[in-house]
Protein chains: 2
Amino acid sequence: MKKIYDFAIDLTLDVISGKWKPAILCHLGEHKTLRTGELRRMLPGISQRVLTKQLRELEEDGVVSRQVFGEVPPRVEYSLTEEGRSLREILISMSDWGNRHAQRENQAGQEIEIHNGSKSGFEKM
Amino acid sequence: MKKIYDFAIDLTLDVISGKWKPAILCHLGEHKTLRTGELRRMLPGISQRVLTKQLRELEEDGVVSRQVFGEVPPRVEYSLTEEGRSLREILISMSDWGNRHAQRENQAGQEIEIHNGSKSGFEKM
DNA sequence: CTGAATCCCTTAGGATACTG
DNA sequence: CAGTATCCTAAGGGATTCAG
């Protein structure tokens, strides 16, 4: 089915929006390649179902690639595609903006807390 | 209530995610200031209710400011705050990435169409 | 170990009508 | 003109169980 957007921004947002997608992209950016279980352990609270769903969507959008090894027990590895790596700058600036914004809002009385599992993402690429 | 994020990216995403928010930010970026009705006409299909909701959230997040003129009939003007203007770079790179991504995906057989109501947003800032 | 199948619930967004 | 109040639905996530 044809997807239509009024703004290119909406397309980008579509790709990276998802409760765990930014985290997944950051982790994959830092570790090059990760198995399903490793990823799951890095995302406390995520369920198996949701994890695979988020990964499928990222794969569908061409930013993550999935490699299946025909072994027993099963072994599946995920990594960023070139397309996925090209998101780096955007994720970094979003991370920076978020940190600055949190500071300002907190000074203005808001209560925002950021754990920063990855300050700007992709450190070790 | 205290908001907690694992990644600063999620906070930024929280601020700009919303069906009409990117469009609103772009339009406000280009026109400096817009009345409710002008904005509504620039967003074909949006309902009054949703428009005010999106605007309230953007205001709540400190990226948009709302100015009420005590006139009859009512007159309300919206504009970006300094905080909102600081989103410019991010929105532009997201727009660029989206356009490039659409091209590549279309060459790969996908069907993505972008009208580009604003190619990179904020042209006239 | 990885993932599919169910079932459920919350919420963003839409349609519509009404008010100052 | 700008905004609120209701009502409704579609979809993203979550919990749990089963399967190769």
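A quick note: this is a predicted structure, and the numbers were derived from the prediction, not measured.
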Sugar-phosphate only, base, or nothing, as touched by Val50(B) at under 4.0 Å among non-hydrogen atoms: base
Distance, rounded to the nearest Å, where Leu34(A) contributes CG and dC1(C) contributes C1': 15 Å
For atom CD of Glu60(B) and atom P of dA12(C), their distance in whole Å: 13 Å
Sugar-phosphate only, base, or nothing, as touched by Arg49(A) at under 4.0 Å among non-hydrogen atoms: base
Atom pair CG/CG of Asn116(A) and Leu11(B) - distance to nearest 0.5 Å: 10.0 Å
Side-chain H-bond candidate by donor/acceptor type, Ser65(A) with Thr81(A), under 3.5 Å: no
Whole-Å gap separating P (dA10(D)) and NZ (Lys19(B)): 13 Å
Sugar-phosphate only, base, or nothing, as touched by Gln54(A) at under 4.0 Å among non-hydrogen atoms: sugar-phosphate
Protein-nucleotide distance (Arg56(B), atom CZ; dG3(D), atom C1'), rounded to Å: 7 Å
Note: Glu77(A)-Arg66(A) ion pair, threshold 4.0 Å (strictly below): no
Joint hydrophobic cluster, Phe69(A) plus Leu39(A), side-chain heavy atoms closer than 4.5 Å: no
5' precedence on DNA chain C between Gln48(B) and Glu57(B) (nearest-nucleotide basis): Glu57(B)
Inter-end axis angle, the helix from dC1(C)-dG20(D) to dG20(C)-dC1(D), with every axis fitted to five base pairs (rounded, 10 degrees): 40°
Spacing between Glu77(A) atom CD and dG3(C) atom C1', to the nearest angstrom: 17 Å
Sugar-phosphate, base or nothing in reach of Glu71(B), heavy atoms under 4.0 Å: nothing
salt_bridge(Glu83(A), Arg85(A)) N-O dist < 4.0 Å: no
Sugar-phosphate, base or nothing in reach of Tyr78(A), heavy atoms under 4.0 Å: sugar-phosphate
Under-4.0 Å salt bridge between Glu111(B) and Lys3(A): no
